[in-house]
Amino acid sequence: MPSEFELIRRYFAGPTPQAVLGPGDDCALLAPTAGCELAISTDMLVAGTHFLADTDPCQLGWKALAVNLSDLAAMGAVPRWALLACSLPDARPAWLESFSQGLHRCASRYGVDLVGGDTTRGPLNLCLTVLGEVPAGAALRRDRAVAGDDLWVSGQPGLAALGLAQLQGQVGLSEVLSMRCLAALQQPLPRVELGLELRRRLLAHAAIDVSDGLLADLGHVLERSGVGAEVFAAQLPSLPAGVDPGLARACQLTGGDDYELVFSASPDKRCELAALAAELDLPLWRCGRIVAASADRLTLLDEMGQALAINGKGFDHFG
């Protein structure tokens with residue numbers, strides 16, 4: 001069994017061309033780009049809470065980094081560096097080889113250097129910290145939504161929650177749909193390119209990524225911006241065929257782990273956003289509007305404009 005430092009050298013240390021000094025010393029040395037602010041985020045993935053114990057380690061390595069990069073995407077930041085701190089119940093070479101392969105694949109895909117971290121023995125727990133850059137004053141934020149804005153969401157929110165329901169035996173999906181949903185759950189694609197273009201082209205006022213559920217995360221934007229929202233159920237992505245509509249809608253509205261972006265934009269940006277969707281080959285759905293703050297803050301409307309009941313908002317670790 002490898003020692004702690006041999007484990008780091010064998011599975012996690014590698015070239016770090018974007019760092020002045022990478023793994024191997026007490027600290028990494030980084031040189032931020034002049035005129036940029038650092039965007040920094042950290043997330044933990046805990047076995048039994050965020051992933052099942054038998055999750056494929058290669059997919060887990062990808063996801064551990066991808067969910068953090070999604071935070072950078074939501075702020076329009078360019079991913080640069082990452083640090084990994086993890087506790088492992090043991091140091092099985094086959095598991096570590098597969099996990100590190102998935103981690104490095106994700107890092108390579110999004111141009112990230114793994115510049116440091118820590119390992120210790122304990123229950124399986126993965127904590128990634130990511131650092132990105134954004135031009136000073138230009139970051140997308142949660143507190144900039146304006147009454148009158150359109151509300152948009154990317155991709156197909158709800159697929160990851162359906163994938164989890166499939167793994168837990170709560171639903172039986174067709175083979176094709178099961179593959180889509182499990183891929184969304186186990187190997188999410190952070191919308192880095194979308195976030196960058198929303199920021200570069202000045203298309204969005206406020207943005208957030210969907211990690212705990214569409215309604216829950218939208219609620220954070222509304223709270224920070226001091227506004228309300230109307231969500232149009234009929235303008236959300238079509239629900240998957242062959243699945244109970246109630247379950248599919250619940251997964252879409254309150255299921256976590258999607259890592260899509262929800263953002264607000266001025267109505268005069270609709271044509272530009274349609275062009276961007278085609279350019280990125282990524283569906284963007286205009287699914288509501290920002291309104292003045294009210295007691296309810298968030299309203300879900302049917303195709304006739306009638307309010308629908310909202311049963312829960314999303315995942316809460318302590319709820």
Side-chain angles (χ1 to χ4, degrees), residues 41-46 49-51 63 66-75 140-145 149-165 168 170 181 184-185 188-191 194-195 204-233 235-237 239 245-265 284-291 293-302 307-319:
S41 181
T42 189
D43 271 307
M44 285 191 293
L45 274 70
V46 180
T49 299
H50 300 95
F51 60 92
K63 184 171 182 176
V67 302
N68 285 267
L69 296 180
S70 183
D71 288 330
L72 297 183
M75 301 196 77
L140 301 176
R141 295 168 44 157
R142 300 179 183 184
D143 60 357
R144 302 290 172 83
D149 278 356
D150 289 331
L151 185 64
W152 296 78
V153 65
S154 66
Q156 298 285 332
L159 294 184
L162 279 174
L164 179 60
Q168 294 176 333
Q170 298 174 8
C181 292
L185 174 68
L189 300 175
R191 301 305 186 185
L194 173 60
H205 288 154
I208 191 171
D209 74 322
V210 180
S211 57
D212 295 327
L214 173 59
L215 298 185
D217 290 310
L218 172 58
H220 299 315
V221 171
L222 304 183
E223 179 181 8
R224 293 284 291 165
S225 295
V227 295
E230 296 175 341
V231 176
F232 308 140
Q235 293 178 208
L236 288 164
L239 300 176
L247 173 63
R249 183 67 81 192
C251 287
Q252 186 178 75
L253 294 174
T254 65
D257 265 359
D258 283 310
Y259 304 104
E260 298 292 351
L261 296 188
V262 176
F263 59 94
S264 77
L284 298 178
W285 308 89
R286 183 166 56 86
C287 61
R289 64 186 174 194
I290 301 296
V291 297
S294 65
D296 292 334
R297 195 178 291 277
L298 176 59
T299 307
L300 180 65
L301 302 175
D302 65 14
L308 297 170
I310 298 177
N311 299 314
K313 295 288 183 68
F315 183 74
D316 182 342
H317 284 281
F318 300 100

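Throughout, numbering of the chain's residues begins at 1 and tracks the sequence. Only heavy atoms go into these numbers, but all of them, side chains included; no hydrogens, no water, no symmetry mates. Quick caveat, the model's predicted, so the values are computed rather than measured.
- With a 4.5 Å cut-off on side-chain heavy atoms, Leu140 and Leu261 do not count as touching.
- Here the side chains of Leu164 and Gln170 are not in contact, with every heavy-atom distance at 4.5 Å or above.
- The two residues Ala204 and Ala265 make their nearest non-hydrogen contact at CA-CB, 4.4 Å.
- Annotation: side chain of Phe232 is not in contact with side chain of Arg286 (no heavy-atom distance under 4.5 Å).
- Residue-environment remark: CZ (Arg297) exceeds the threshold of 12 foreign heavy atoms within 6.0 Å.
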Would Leu185 and Lys63 count as a side-chain contact (heavy atoms from CB on, under 4.5 Å) if you check the C-alpha gap in whole Å, the side-chain angles of each, and the deciding distance to 0.1 Å? CA-CA 9 Å; Leu185 174 68; Lys63 184 171 182 176; 3.9 Å; yes
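- Leu300 meets the side-chain contact (heavy atoms from CB on, under 4.5 Å) test with Val231, Ala233, Leu253, Leu308, Ile310; sequence neighbours excluded.
- Remark: Gln235 CD is packed, more than 12 non-hydrogen atoms of other residues, nucleotides or ligands lying under 6.0 Å away.
- Between the CZ atom in Arg142 and the CD1 atom in Ile208 there is a gap of 3.5 Å [rounded to 0.5 Å].
- We find the CZ-CG distance between Phe51 and Asp257 to be 11.5 Å, quoted to the nearest 0.5 Å.
- Looking only at distances, a side-chain donor or acceptor of Asp258 sits under 3.5 Å from a matching main-chain atom of Gly158.
- Within the 3.5 Å criterion, the main-chain N or O of Arg191 finds no donor-acceptor partner in the side chain of Ser70.
- At least one side-chain heavy atom of Ser211 sits less than 4.5 Å from a side-chain heavy atom of Tyr259.
- Put simply, the side chain of Leu218 reaches to within 4.5 Å of the side chain of Leu151, judged on heavy atoms.
- Remark: side-chain polar atoms of Ser225 are paired, donor with acceptor, to backbone N or O of Arg144 under 3.5 angstrom.
- The distance from atom CD of Gln156 to atom SG of Cys251, rounded to the nearest 0.5 Å, is 13.0 Å.
- With rounding to the nearest 0.5 angstrom, the CZ atom of Arg249 is 4.0 Å from the CG atom of Leu239.
- Within the 4.5 Å cutoff, the side chain of Val221 has no heavy atoms near those of the Val262 side chain.
- Side-chain contact check for Glu260 versus Leu214: every heavy-atom pair is 4.5 Å or farther apart.
- The distance from atom CH2 of Trp152 to atom OG of Ser264, rounded to the nearest 0.5 Å, is 11.5 Å.
- Proximity of Leu222 to Leu298: side-chain heavy atoms (C-beta onward) are separated by under 4.5 Å at one or more points.
- Pro237 approaches Gly155 most closely through the heavy-atom pair CG-O, 3.7 Å.
- Between the side chain of Asp217 and the backbone N or O of Asp212, at least one donor-acceptor pair lies under 3.5 Å.
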